Amino acid sequence: MEEVASQIVDKAIALGCQDAVADVVENRSYQIRFAQNEAVISNQWRESTASVFVVHGKRVVASDLKDLSKTDEAVERLVKIAKTSQPNPDYAGIAKGSFRYARTRPDPKVLSLSEGGKYVEAAVGGALDQGAKECAGSFWKYEDEHFLATSNGVEGHDHRASLYLSIRALVSLESSGHGIACATKLSGFEPEKAGQKAGRIAVLARTPKPAKAGRYTVLFDPLIFGSLTDQVGGRLSAWAVLAGLSPFGKKIGKRVASPQLTLYDDGSADSIARKRFDAEGVPTRRNLLVSKGILKTYLHNTSTAKKFKTKTTGNAGLVYPDSHAIFVRPGDRSRDEIFSEVKDGLWLTNTWYTRYQSYVTGDLSTIPRDGIFHIRNGDVVEAWKDIRVTDNLIHLMKNIVALGKEPEQMMWWGEVSVPNFVPYALIKDVGITTSNQ
Amino acid sequence: MNAEMDLVNFAVDEARSKGATYAEARYEKQDPENFILKNGVLDALYVGHDQGIGVRVLVNGALGFAATNSLSKAGVRAIVGDAIKIAKASRRKTKITFAQEDSIAMNWSIPEAKKLADVSVEEKIAEIQGVDRDVTQLGFKLAARYFNLSDNRIRKYFANSEGSRIESYSPRLRVFYFLTVVEGAGVEQSSRNYGWSGGWEGISTWGLSDRVVEEARSMHRSLTKGKKSPEGKMDLVAGPQVAGIASHESCGHPTEADRVLGREAAQAGKSFIPPDGLGMRVGSELVNVVDDPTVEHAIAYYLTDDEGVKARRRYLYKEGRVTEFLQNRETAAALHTHSNGAARAVNYNVEAIVRMANTFVEPKDHSLEELLEGVKHGVYMKSFMEWNIDDKRYNAKYAGREAYLVENGEVKHPVRNTIVELTTPAFWSAVDAVGKDLDFEAGFCGKSDPGQALDASMGGPPIRLRNVHLR
């Protein structure tokens, strides 16, 4: 496949392109979806895709090619279209190679895994043992192999594989919990533990009471705190800032969070999204985004970096920069200690449907789902239901008062788009609203 | 497409010969093209060339699905083997069955007065640049603006082991825009989305430039003349965009049978409507909410679904009661009924699941003026920005984008950030009058794992709600 990537790049350059990138990806992922405690469908993919980026006279065209037997014709078509497009004056090229990449290899035991039923059974069993009645979720073996070539002398190969399981356990429609298991090594994959957590929360959430709106001190479980930090990571893309889709515009060097929060993006660290290089072939690395509450940088590719008079952070996507994996520097509280700090507040375990009234101001709301608990003096006094967090992203980050010392890797459907390594987070003065009728 | 059709037929035969009690295969070729014009600059043009085959089999009461873009007999044989192997490994205790449906042989396509394939990139860019120029000429401080024009040409061939053979062609066109207007310390943001099934002629049906200019004007008006929205119980006239999102979120989603049965529990969630909930009252007798794939030129128009079942109009709520769930063959069998043609997949490489198409409040007979005339004190919420709903589809929030105070039937000044935060029955039970002028907007509807963000549209006429709590 490396020949296909090089051939695409060579063809584009021969046709007069100034820059070209081809990332040929072989996807061999496998999934089991389950519901009502058993598999509802199993999926297997055998796909090869060439993600292509060509630039002709600053006219940028991207594509995904599926017929790899006719790449010459496809590139000719793309270049022809590029010539009729318009130049992007903000386009500043792609990174110049060559680069040296970390020697990461996927776990052979993950690669050879071809049957995931026992992991689903372990997760479901873990939840049912806690008293849950109904479980649903997904088991994934992600496997893809990248062959990258660029016109700036970059050649890269990256074989990625990981395991993932998401389980929701229910006692009833309104009493549920969610658990996540992520691993790059089979030995570190703990689906049963994820099921147990989901089941434990579901049982604890039995007979939830109507909530009272107000402002609360809230303990965010890692899964829901991951939703918030994922928002921070995504909104720190320089592209989002330029498009009016971020509250972090013009805030470099300014306070955007409590001194408790130090947050970085790192595609090179061990996570289920670890990658050797970004879409331009730049080696991934650790980028400090927020240091003790002060915003340090946006996420860049070569073009956005030039616009902001800085250097690429190695976060290029095919067209736009984005986060790879978000890491929050842990705090010093044990789980028991951070719970004990909640005198009269809430413990939230999951959320979904985060939407903004204004991306520029960061005004948003999100709807907690699964266990919602009223806490007094560190103990759960009752389960609540039907609430909404109605607040502001920067206000939430500024009001972090404590962080747990044990981060967990979280990624979840629709809400936590990349792995977020997050501990428990205690945030004060969080707006909680409810339906008025 | 003959070679690909042969491969699809081969996949079905191969699966049956390898032990599948039911097999289907779907070839899709998609030719998407889109670009973003951001702050007047063309960011990048995306031109896709996507094709492949997906195979779904039922073996021993378990489902297996596999997909490839290797369009050869060897490639297809490999995924048939994969699908059967992983289905067999499922070890289900209960057997999945499919509702019996008629087999269909059909070839349908959506006509294009001006073929999308014949429209040059230059023409498309010029169209959007014209709109961008019109809105910038207003002289407002537009802190950010972006427009996304996208089109797609989708060819499909579907075959199953019961004899269905269906060929189809769907050209689709869509514009999304997002504006940020600043005035002093105030910021207003808005996004709108228009869709069309058909050719390039769709672009002229939207009156895009006028709509965008009017939107920017209303944003500026909100910033310069907008006042705090009144709080308390009062009347609400919800415009077509608000009626549309409410019909999608709190009528369409809770009547998806796979959600009702728990298949989506870990992702898009469940439903407040139980499996035996047909007939349940959720609104006033004036509320009819329809999902209809056969609305001509709507973005989610189709005549057969991705399980080969004929599409038809579905009354989700009729006279305020739940009347029909959206079904595919799997959910229909579980609920002892028939599919109503709601199975759709976003591409060849994912299974078809239960989806909405074009969901809307059925119009009645009031003009907007008549609806407003009946309001002594309330708010006319023409459009929204922020919205969300819980995963059982019971607690929804719509935050006003363009909204006005209404007093004694007269529209007064703009009001900012009106919040409607109500349960589904509270919202629909408060409806006391329904307008006659139907309008649609397009959207992407998210569901399933892997995620399938699918073309959908939603709409309605303006509707009037009595005595609801607003903030």
Side-chain angles (χ1 to χ4, degrees), chain A residues 33 35-36 38-49 60-67 74 78 81-82 84-86 88-90 115 117 134 136-138 166-168 170 173 242-244 319 352-353 355-361 364-367 369 386 388 413-414 433 435-437, chain B residues 38 41-52 62-69 78-79 82 86-87 89-93 120-122 125 143-144 146 180 187 189 262-263 265-267 270 349 351 385-392 395 397 399 417 421-423 426 446 449 451 468-469:
Chain A
R33 287 191 78 192
Q36 302 287 358
E38 56 184 348
V40 289
I41 192 164
S42 301
N43 292 299
Q44 174 78 54
W45 290 271
R46 290 174 185 254
E47 295 187 288
S48 303
T49 306
V60 181
V61 176
S63 184
D64 291 297
L65 307 178
K66 286 287 177 72
D67 186 351
L78 292 178
I81 291 170
T84 66
S85 182
Q86 289 191 355
N88 177 350
D90 294 334
E115 215 283 284
E134 175 189 344
S138 299
S166 157
I167 179 169
R168 189 181 195 201
L170 298 100
L173 178 64
L242 292 169
V319 179
W352 89 318
Y353 231 131
R355 291 290 184 277
Y356 289 80
Q357 178 68 6
S358 168
Y359 292 91
V360 171
T361 62
L364 55 73
S365 68
T366 185
I367 307 190
R369 59 191 261 176
D386 299 340
R388 182 174 275 104
W413 186 86
T433 58
S435 290
N436 297 107
Q437 283 173 267
Chain B
K38 184 173 97 253
V41 170
L42 188 77
D43 245 18
L45 180 67
Y46 178 85
V47 184
H49 298 285
D50 199 4
Q51 61 175 346
L63 282 171
F65 177 90
T68 186
N69 60 320
I79 59 164
D82 288 340
I86 57 182
S90 285
R91 296 186 294 227
R92 277 185 65 91
K93 294 186 184 87
S120 68
V121 166
E122 293 138 294
I125 295 170
Y146 82 80
T180 304
V187 182
Q189 294 195 303
R263 201 181 192 267
Q267 291 92 23
K270 296 187 81 175
N349 53 6
E351 62 163 337
M385 180 61 188
E386 175 196 339
W387 89 102
N388 47 29
I389 188 165
D390 66 13
D391 62 291
K392 57 183 190 273
N395 295 281
K397 176 185 181 184
N417 298 343
E421 196 167 355
L422 296 173
T423 64
D449 186 12
V468 291
H469 198 284

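Everything numeric here is computed off the predicted structure, so don't read it as measured data. Below, chains carry the letters A, B, ... as their sequence lines are ordered, and counting in each starts from 1.
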Non-hydrogen side-chain atoms of A:I41 and B:R263 separated by less than 4.5 Å: yes
Flag side-chain contact, heavy atom, 4.5 Å: B:N395 against A:I367: no
Worked verdict on A:R355 versus B:K397 for side chain to side chain contact (heavy atoms under 4.5 Å, CB included): CA-CA 10 Å; A:R355 291 290 184 277; B:K397 176 185 181 184; over 6 Å; no
Test log, rule side chain to side chain contact (heavy atoms under 4.5 Å, CB included), inputs A:R168 and B:D391: CA-CA 12 Å; A:R168 189 181 195 201; B:D391 62 291; 2.8 Å; yes
Backbone of A:A39 reached by a side-chain donor or acceptor of B:R92 within 3.5 Å: yes
Modelled atom types, side-chain donor and acceptor of B:Q189 and A:T361, under 3.5 Å: no
Check: B:Y46 and A:D64 side chains under 4.5 Å, non-hydrogen atoms: yes
Proximity breakdown for A:V319 and chain B, heavy-atom pairs closer than 4.5 Å: side chain
Under 4.5 Å from any heavy atom of chain B - which part of A:L170: side chain
Any donor-acceptor N/O pair, B:D82 side chain to A:Q44 backbone, under 3.5 Å: no
Proximal component of A:T366, with respect to chain B [non-hydrogen, under 4.5 Å]: backbone
Spatial distance of atom CD (A:Q437) from atom NE2 (B:H469) [nearest 0.5 Å]: 7.5 Å
Heavy-atom check, side chain of A:W352 versus side chain of B:Q267, under 4.5 Å: no
Verdict with reasoning, B:L42 to A:S85, per side chain to side chain contact (heavy atoms under 4.5 Å, CB included): CA-CA 9 Å; B:L42 188 77; A:S85 182; 2.9 Å; yes
Donor + acceptor pair across side chains of B:N388, A:S365 (<3.5 Å): yes
Pair A:N88-B:D43, side chain to side chain contact (heavy atoms under 4.5 Å, CB included): steps then yes or no: CA-CA 6 Å; A:N88 177 350; B:D43 245 18; 4.0 Å; yes
Heavy-atom proximity to chain B below 4.5 Å, by part of A:W45: both
